[in-house]
Amino acid sequence: MLKLFNSLTRTLEEFVPIEPGKVRMYCCGPTVYNFQHIGNFRTFVFEDILLRTLKYNGFDVKYIMNITDVGHLTSDEDTGEDKVEKSAKEQGRSVWDVTKFYTEVFLRDVELLNITPPEMYTKATEYMNEQIAMVKCLEDRGFTYRTSDGIYFDTAKFPDYPKLARLDIEGMKEGARIEFSEEKRSITDFALWKFSPKDEKRQMEWDSPWGVGFPGWHIECSAMSTALLGNHFDIHCGGIDHLPVHHTNELAQSEACTGEKYVNYWLHGEFLNMGDEKMAKSTGNFITLQTLIDKGYSPMDYRYFLLMAHYRKKLKFSFEALDSAKSGYRNLLSKINTLRKPKQDSASDKQVYEEMKSKFLNAVNEDMNMPVAMSVLWEAVRNEKLSAEDRLKLAFDFDRVLGLRLDQALPEQVESAPDEVVRMADERLEAKRAKDFARADKLRQEIKDLGFEVLDSKDGYTLRKSD
RNA sequence: GGCGUGGUACCCAAGUGGCUUAAGGGGAAAGUCUGCAAAACUUUUAUUCAUCAGUUCGAAUCUGAUCCACGCCUCCA
């Protein structure tokens, strides 16, 4: 039985899909005006784990992720600047170039991190009609009002508005950090459609029944998810920061428009912090996957790091912790390779085998407890009551959820080393056989200086890249 | 001002009333192996869960207080 923590009820609930055996899921994707940082990817990895967990449980999953390639405001107020337009201006490129570029980088990082792509990435700019139609629907149903800068959603007309985030709207009014527009009837009201400024030509703007403008930043997810998954679907997820504003607004506008329940399970991934502070694009306090790669870490090292913590707990990023993940991942691959070697194999205790499998499944199904799942993996791979073959079978089976590319773990063999190094290693082997240990040790050191370690075996050696 | 989260070994991090006198990884130490190393394998590494008081037959897990750190109420994964 798969249990998931539903933000709507703040409890662990058994997952029951609307349609038996099938799951329809939507996750909020990136806004492509800048690089996605490793904190963003914590959420995308969490969503990937969720997808893999559902598949591991035998569900047929229809999964959609959006790419926000249309500019929104830096704040919800009419004073805000559009991030995409701003980014384009700074870089002296068109907005279309900017979003294309960051989308490509995002897709590359997704691939590097072994994140399963959705069935479809939906781009906000390609669903403009659906968005306009939904705003129209809300207008027809009387949930909107017009101000000088746009069409707004009247949250007071939707009594369930605070339910997802458990908002205390009265409390919000007292100490809010920012003044809200005089024209807004309530602090929680939000824009559905914004008018283009009269004095400035935007690069991205569309015609609408209300005039030339652009969509409010919440409407795209409602419009696209509904268009592809229907009015009512199973799972919607995103970063925890989306809970109080974006998802709250999305839920309100969707249910107001369709009159149906929007989503059954809302799941949110916690933040990755830089030291004690959060990592955020807006403050520039962030690092990208490429930064990690440049520093000699593999994307899988980072994925391993993420799997060491539960998705609903804040995680502090530090290079010390990443180093420990890197070692752990390397040791794991090394263990896999050891098990692959055709040594004499012992018999396997089938009961232990089943026990490992069920322990793993239980961990995964307990709201995706990856730290425990990882401990089961280690336990399985080191379990002496199991044959090497069975241990490998378990590891590869578990990897369907973990996504650590364990099956691609290859011994860094002689072939991967430069000829020069191989020649030296051969020479060392000869010296060793001739009991010329001084010479052998000297060669070993020289090979080490070239970045390789010699691992001796009974009648030969293997080379491994050292770092 | 309101709402909320967390403090577990040297580091990361599970566990949220008895199965746990606290998983797993990293690190460190010892042993096996080895010409010596490395790798591999084995073993060891928290009588204790921020502090104090209480509830209970029983608490890291519940309650209260205190200290500390952090997030949200602006855009943000």
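Just so it is clear: chains get the letters A, B, ... in the order the sequence lines come, proteins before strands, and each one is counted from 1. Since the model is a prediction, treat every value here as computed from it, not as a measurement.
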Sugar-phosphate only, base, or nothing, as touched by H246(A) at under 4.0 Å among non-hydrogen atoms:
nothing
Per atom distances to the W378(A) side chain, the nearest of rA38(B), rG25(B), rC41(B) is rG25(B)
Closest approach to the side chain of T43(A), judged atom by atom: which nucleotide of rA14(B), rA77(B), rA39(B) is it?
rA77(B)
Look at all strands and tell whether E270(A) reaches a base, only sugar-phosphate, or nothing, counting heavy atoms closer than 4.0 Å.
base
Of the candidate nucleotides rC41(B), rA77(B), rG15(B), which contains the atom at the shortest distance from the side chain of R42(A)?
rA77(B)
Round to a whole Å and report the spacing from CZ of F305(A) to P of rA13(B).
7 Å
Under 4.0 Å: is that the gap between some side-chain N or O of N369(A) and OP1 or OP2 of rG15(B)?
yes
Looking at rG24(B), rU42(B), rC12(B), which one has an atom nearest to any side-chain atom of A321(A)?
rC12(B)
Both D441(A) and M374(A) contact RNA chain B. Taking the nearest nucleotide for each, which residue is further toward the 5' end?
M374(A)
Nucleotide of rG15(B), rG26(B), rC70(B) approaching S324(A) most closely (side-chain heavy atoms):
rG26(B)
Taking atom C1' of rU5(B) as reference, at what distance in whole Å does atom NE2 of H268(A) sit?
16 Å
On a whole-Å scale, what distance lies between the P atoms belonging to rA29(B) and rG18(B)?
38 Å
State whether a side-chain donor-acceptor pair under 3.5 Å links T288(A) with H37(A).
no
Base, sugar-phosphate, or nothing: which does Y304(A) touch, judged by heavy atoms less than 4.0 Å apart?
sugar-phosphate
Pairwise P distance for rU47(B) and rC70(B), with rounding to whole Å
29 Å
Has K314(A) got its NZ or CZ under 6.0 Å from the middle of the six-membered ring of F271(A), at an angle within 45 degrees of the ring axis?
no
In this structure, how many angstroms lie between the C1' atom of rA38(B) and the CD atom of E446(A), rounded?
18 Å
Do S225(A) and Y262(A) get their side chains close enough for a donor-acceptor pair, meaning under 3.5 Å?
yes
Checking contacts here: which listed nucleotide (rG26(B), rA38(B), rA77(B)) is nearest the side-chain heavy atoms of D241(A)?
rA77(B)
Please report, rounded to the nearest Å, how far the P atom of rU16(B) is from the CZ atom of R10(A).
20 Å
Expressed in whole Å, how much space separates the C1' atoms belonging to rA50(B) and rA60(B)?
12 Å
pair_partner(rG4(B)), Watson-Crick or wobble, both distances < 3.5 Å, evaluates to rC70(B)
Phosphate oxygens OP1/OP2 of rG26(B): is one of them under 4.0 Å from a side-chain N or O of N331(A)?
yes
Any side-chain donor near an acceptor of the partner, S87(A) and Q91(A), under 3.5 Å:
yes
Just checking R428(A): base, sugar-phosphate only, or nothing, at a heavy-atom cut-off of under 4.0 Å?
base
Nearest whole angstrom, please: distance from the P of rA40(B) to the CG of L332(A).
11 Å
As its Watson-Crick or G-U partner within any shown strand, both distances under 3.5 Å, rA65(B) has rU51(B)
Using the C1' atom in both, what is the distance from rA46(B) to rA9(B), to the nearest Å?
5 Å
Taking the ring centre of each residue, are Y161(A) and F158(A) less than 6.0 Å apart?
no
Strand partner of rC76(B), provided both Watson-Crick or wobble distances fall under 3.5 Å:
none
Considering only the P atoms, how many Å lie between rU5(B) and rA65(B), rounded to the nearest integer?
15 Å
Hey, what are the protein-to-nucleotides 17-20 of chain B N/O distances that come in under 3.5 Å?
none

Using purine N1 to pyrimidine N3 plus N6-O4 or O6-N4 for Watson-Crick, or N1-O2 and O6-N3 for G-U wobble, each under 3.5 Å, what pairs with rG31(B)?
rC41(B)
Does F305(A) have its ring centroid less than 6.0 Å away from the ring centroid of Y297(A)?
no
Please work out if G39(A) contacts a base, only the sugar-phosphate, or nothing of the nucleic acid, heavy-atom cut-off 4.0 Å.
base
Checking side-chain polar atoms at under 3.5 Å, does E183(A) have a donor or acceptor matched by the opposite partner on S148(A)?
yes
Given atom NZ of K316(A) and atom C1' of rG7(B), what is their separation to the nearest angstrom?
10 Å
Taking side chain to side chain contact (heavy atoms under 4.5 Å, CB included) as the criterion, tell me which of P117(A), C27(A), C28(A) meets it with M65(A).
C27(A)
Write down the partner of rG24(B) under the Watson-Crick or G-U wobble criteria, each distance required to be under 3.5 Å.
rC12(B)
Can you find a side chain N or O atom of R312(A) that sits less than 4.0 Å from OP1 or OP2 on rA13(B)?
no
Between rG26(B) and rG64(B), how far apart are the P atoms? Round to whole Å, please.
40 Å
Could you please name the partner base of rC57(B), counting Watson-Crick and G-U wobble pairs only when both distances are under 3.5 Å?
rG18(B)
Check whether the side chains of T68(A) and E220(A) place a donor and an acceptor atom closer than 3.5 Å, and report yes or no.
yes
Could you work out which one of rC70(B), rG25(B), rA23(B) sits closest to the side chain of V372(A)?
rA23(B)
Side chain of S327(A) (C-beta onward), nearest among rG24(B), rU16(B), rG27(B):
rG27(B)
Under 3.5 Å donor-acceptor, T11(A) side chain and E13(A) backbone:
no
Opposite nucleotide pairing with rC36(B), Watson-Crick or G-U, both atom distances under 3.5 Å
none
Ring centroids only, cut at 6.0 angstrom: are Y152(A) and F190(A) within range, meaning strictly under it?
no
Looking for any heavy atom pair under 4.0 Å, which part of the strands does L272(A) touch: base, sugar-phosphate only, or nothing?
base
State whether K448(A) places a side-chain N or O below 4.0 Å from either non-bridging phosphate oxygen (OP1 or OP2) of rA37(B).
no
Nearest-angstrom distance, P atom, rC10(B) to rA23(B):
16 Å
Mind calculating the distance between CE (M356(A)) and P (rG24(B)) to the nearest angstrom?
11 Å
Would H268(A) and H242(A) count as a close aromatic pair, with their ring centres under 6.0 Å?
no
Nearest nucleotide by nearest heavy atom, which residue falls closer to the 5' end of RNA chain B, R444(A) or D323(A)?
D323(A)
Of the options rA14(B), rG35(B), rC70(B), whose atoms approach the side-chain atoms of K314(A) most closely?
rC70(B)
Name the nucleic acid region contacted by S334(A), choosing base, sugar-phosphate or nothing; use a 4.0 angstrom heavy-atom cut-off, strictly under.
sugar-phosphate
So K432(A), base contact, sugar-phosphate only, or nothing? Heavy-atom distance under 4.0 Å.
base
Take atom CD1 of I447(A) and atom C1' of rA38(B), then tell me their distance rounded to the nearest Å.
12 Å
Taking rG4(B) as the reference, what is the distance to rU51(B) when you measure between their C1' atoms (whole Å, please)?
22 Å
